[in-house]
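Counting begins at 1 with the first residue of the sequence.
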Amino acid sequence: MLDLIILSLHFFICFLISIAIWYGPKNGDSHSSSTGGAKMEPDGLILIGKEEDIKKSQRITAKVDGREIVVFYHEGKFHALDSRCYRKIFACVISDIDGQACIVCPWHKFKITLETGEGLYEGINPLEPSPTPKWQSKGVKQRIHKVTIDNGNVYVSPPDLSVSFDSDYFAEKYKNGGELAMGK
């Protein structure tokens, strides 16, 4: 009987640990990210963090108007995008593709430019005599956020939601606690 009680207690503790992991922080890039406490400034900009801190970590995630964004520092420039690509969470690598700094989604291998949020793909024109793959744009898929540096602080502008992007669907689903919020 004692064995059954100990075994039941063990399973209950494992269950509680799995719930804590399931609902815990969803930071997809734990080796170099931290979650910033963004706050609105009087001029409408949202303070993300200290410039030097972000330069050291290379990226930071923060909530802006309820949606999670990631601010990257790459090759001397700051870039801010929704933290979920137009399909899933950003646990990404930054690569140079055709002269552009791009995020590469680890699950789908989608390539998204840091500068514009365009999705890139390698395609061919079958009408060419000897078709060779070339990088082409799918159009802007990922919402980018304007970054401002002032007095050693990094700020982003609130998103202009009058224009819609593919990433908005997933940002909203995550924001509202949908299935993607749980990493599915």
Side-chain angles (χ1 to χ4, degrees), residues 25-36 38 46 48 54-55 57-149 154 156-184:
K26 298 295 185 254
N27 194 346
D29 189 22
S30 60
H31 73 276
S32 62
S33 294
S34 61
T35 301
I46 299 157
I48 300 300
I54 300 171
K55 283 181 177 179
S57 68
Q58 301 294 300
R59 63 184 75 179
I60 186 171
T61 58
K63 291 266 186 174
V64 173
D65 287 350
R67 66 196 299 141
E68 193 174 86
I69 67 159
V70 62
V71 177
F72 293 99
Y73 180 73
H74 181 71
E75 295 183 351
K77 292 175 82 175
F78 288 92
H79 307 275
L81 298 93
D82 283 350
S83 71
R84 294 182 183 263
C85 78
Y86 56 100
R87 288 294 309 216
K88 278 230 178 191
I89 197 167
F90 267 142
C92 59
V93 174
I94 298 175
S95 298
D96 181 71
I97 297 174
D98 200 30
Q100 299 181 77
C102 294
I103 293 169
V104 180
C105 172
W107 289 280
H108 305 98
K109 305 302 179 214
F110 292 147
K111 285 118 181 109
I112 304 164
T113 65
L114 286 176
E115 199 72 35
T116 63
E118 286 179 272
L120 298 180
Y121 71 99
E122 204 168 23
I124 61 169
N125 180 352
L127 301 176
E128 289 181 3
S130 56
T132 55
K134 294 182 181 144
W135 288 105
Q136 301 176 41
S137 175
K138 297 179 189 177
V140 177
K141 300 288 187 178
Q142 190 72 24
R143 180 173 297 281
I144 60 171
H145 303 268
K146 182 177 182 237
V147 178
T148 303
I149 310 300
V154 176
V156 296
S157 299
D160 173 10
L161 299 177
S162 67
V163 178
S164 179
F165 299 101
D166 291 359
S167 67
D168 291 338
Y169 171 79
F170 294 95
E172 280 300 311
K173 192 160 181 104
Y174 173 74
K175 179 175 155 180
N176 295 328
E179 65 182 77
L180 293 178
M182 295 178 230
K184 292 184 179 178

Mind checking the [atom1]-[atom2] spacing from [X] to [Y]? Nearest 0.5 Å is all I need.
X: Cys102; Y: Leu114; atom1: SG; atom2: CG; result: 7.0 Å
X: Ile54; Y: Ile149; atom1: CD1; atom2: CD1; result: 7.0 Å
X: Ser157; Y: Lys146; atom1: OG; atom2: NZ; result: 5.0 Å
X: Asp82; Y: Arg143; atom1: CG; atom2: CZ; result: 6.5 Å
X: Phe110; Y: Gln142; atom1: CZ; atom2: CD; result: 11.0 Å
X: Ser95; Y: Lys109; atom1: OG; atom2: NZ; result: 9.5 Å

Between side-chain atoms of residues 123-135 and protein atoms elsewhere (two or more places apart, or another chain), which donor-acceptor pairs fall under 3.5 Å?
{"unit_1": "Asn125", "atom_1": "OD1", "unit_2": "Leu127", "atom_2": "N", "d": "2.9"}
{"unit_1": "Glu128", "atom_1": "OE2", "unit_2": "Lys134", "atom_2": "NZ", "d": "3.2"}

Nearest heavy-atom pair of [X] and [Y]: which atoms, and what distance?
X: Gly119; Y: Lys141; result: N-CG, 4.0 Å
X: Thr116; Y: Ile144; result: C-CG2, 3.9 Å
X: Phe165; Y: Val163; result: CZ-CG1, 3.7 Å
X: Ala101; Y: Asp96; result: N-OD1, 4.4 Å
X: Ser162; Y: Asp160; result: OG-OD1, 2.6 Å
X: Val156; Y: His145; result: CB-CB, 4.4 Å

> Does the pair Ile94 and Gln58 meet the rule for a side-chain contact (heavy atoms from CB on, under 4.5 Å), with working shown?
Replying inline: CA-CA 11 Å; Ile94 298 175; Gln58 301 294 300; over 6 Å; no
> Are the side chains of Arg67 and Leu161 in touch, meaning some heavy atoms are under 4.5 Å apart?
Replying inline: yes
>> Measuring only between side-chain heavy atoms, which start at C-beta, is Val147 closer than 4.5 Å to Ile48?
In response: no
> So, Ser137 and Glu118: side-chain donor and acceptor under 3.5 Å apart, yes or no?
Replying inline: yes
>> Between Thr113 and Ile97, is the side-chain contact (heavy atoms from CB on, under 4.5 Å) condition met? List the steps.
In response: CA-CA 9 Å; Thr113 65; Ile97 297 174; over 6 Å; no
Check residues 72-81 and write down every donor-acceptor pair under 3.5 Å in which the side-chain atom is one partner and the other belongs to a residue at least two apart or another chain.
{"unit_1": "Lys77", "atom_1": "NZ", "unit_2": "Glu115", "atom_2": "OE1", "d": "3.1"}
{"unit_1": "Lys77", "atom_1": "NZ", "unit_2": "Glu115", "atom_2": "OE2", "d": "3.4"}

>> Test side-chain contact (heavy atoms from CB on, under 4.5 Å) on Val70 and Ile103; report intermediate values, then the result.
In response: CA-CA 11 Å; Val70 62; Ile103 293 169; 5.6 Å; no
